[in-house]
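Have a look at the structure below before the remarks.
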Amino acid sequence: KVLAPAGAPHVLILPGFGNAQQDYINPLSEGEERSVSYALRERGFSVYVMPLERIQWLNVLRGIFTLSFWLRRTTPYEAAYGWYVEMGREAY
């Protein structure tokens with residue numbers, strides 16, 4: 001088992017597409033000890049999982065109303081994912 005080195009940086013977990021904060025804290029309601037955040041804490045890391053509910057991923061649909069979406073030129077900062085990037089910045 002590898003332990004975090006002294007002075008290790010904090011770990012911020014940003015839930016992946018379609019996932020929620022709960023998936024990284026208590027996956028499938030099977031107990032915290034089965035989570036990635038628990039495994040990292042057990043190794044001495046300070047872990048924070050960005051608060052995100054699964055339904056918030058519906059915000060991605062806002063992107064379909066932009067020209068850049070249809071031209072396949074969207075950036076992470078536009079309507080489809082800008083909300084997620086901003087949440088990540090706030091969590092950081």
Side-chain angles (χ1 to χ4, degrees):
K1 174 168 147 174
V2 177
L3 298 177
H10 300 285
V11 176
L12 170 60
I13 298 174
L14 303 178
F17 186 77
N19 290 329
Q21 179 186 43
Q22 189 64 22
D23 299 330
Y24 298 86
I25 296 173
N26 184 7
L28 303 173
S29 298
E30 291 189 6
E32 183 180 335
E33 64 279 352
R34 293 189 177 264
S35 71
V36 67
S37 59
Y38 178 84
L40 289 168
R41 278 195 302 279
E42 283 290 298
R43 287 163 175 77
F45 288 95
S46 174
V47 180
Y48 178 76
V49 182
M50 181 176 79
L52 183 69
E53 296 297 324
R54 209 170 314 282
I55 194 155
Q56 288 178 275
W57 285 107
L58 291 176
N59 286 319
V60 172
L61 295 175
R62 294 186 296 182
I64 68 172
F65 299 109
T66 64
L67 180 60
S68 59
F69 175 83
W70 296 104
L71 295 175
R72 297 191 314 189
R73 295 185 182 149
T74 59
T75 69
Y77 308 102
E78 293 182 48
Y81 291 100
W83 62 274
Y84 182 79
V85 171
E86 187 56 36
M87 285 182 71
R89 284 181 176 159
E90 289 173 12
Y92 178 75

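Predicted model only: the values in this text are computed from it and were never measured.
Judged as a salt bridge (charged side-chain N to carboxylate O under 4.0 Å, His left out), and not counting sequence neighbours, the contacts of Arg54 are Asp23.
Under a hydrophobic clustering in which Ile, Leu, Val, Met, Phe, Trp and Tyr are joined whenever their side-chain heavy atoms come within less than 4.5 Å, directly or via other members, Leu58 and Leu52 fall into different clusters. The hydrophobic clustering, which links ILVMFWY residues whose side-chain heavy atoms are closer than 4.5 Å, places Val49 and Phe45 together. Leu12 is connected to Met87 through a chain of hydrophobic side-chain contacts under 4.5 Å among Ile, Leu, Val, Met, Phe, Trp and Tyr, so both are in one cluster. Neither Tyr81 nor Ile64 shares a network with the other; the hydrophobic side chains, linked directly or stepwise wherever heavy atoms of I, L, V, M, F, W or Y lie under 4.5 Å apart, form separate groups for each. If you chain together hydrophobic residues whose side chains sit under 4.5 Å apart, Leu14 and Val60 fall into the same group.
In the displayed structure, Glu53 atom CD is contacted under 6.0 Å by at most 12 heavy atoms of other residues, nucleotides or ligands. Annotation for Ile55: atom CD1 does not count as buried by contact number, only 12 or fewer foreign heavy atoms lying within 6.0 Å.
Under 3.5 Å, the side chains of Asn59 and Tyr84 contain no donor-acceptor pair of N or O atoms. Side chains of Glu78 and Thr66: a donor-acceptor N/O pair is absent below 3.5 angstrom, by distance only.
Note that CD of Gln22 is 10.0 Å distant from CG of Leu28, once rounded to the nearest 0.5 Å. Atom OG of Ser37 sits about 10.5 Å away from atom OH of Tyr24, to the nearest 0.5 Å.
Taking 4.5 Å as the limit, some side-chain heavy atom of Lys1 sits within range of a side-chain heavy atom of Arg43. The shortest side-chain heavy-atom distance between His10 and Val47 does not fall under the 4.5 Å cut-off. In this structure, Tyr48 and Val11 have side chains that are not in contact, with every pair of non-hydrogen atoms separated by 4.5 Å or more. Contact check for Trp57 versus Trp83: side-chain heavy atoms found under the 4.5 Å cut-off. Put simply, the side chain of Tyr38 does not reach to within 4.5 Å of the side chain of Ile25, judged on heavy atoms.
Of all non-hydrogen atoms in Pro27 and Gly31, the two that sit nearest each other are CD-O, 4.0 Å.
Taking a cutoff of 4.0 Å between a charged side-chain nitrogen and a carboxylate oxygen, Glu33 and Arg41 do not qualify as a salt bridge.
Between the side chain of Thr74 and the backbone N or O of Phe69 there is no donor-acceptor pair closer than 3.5 Å.
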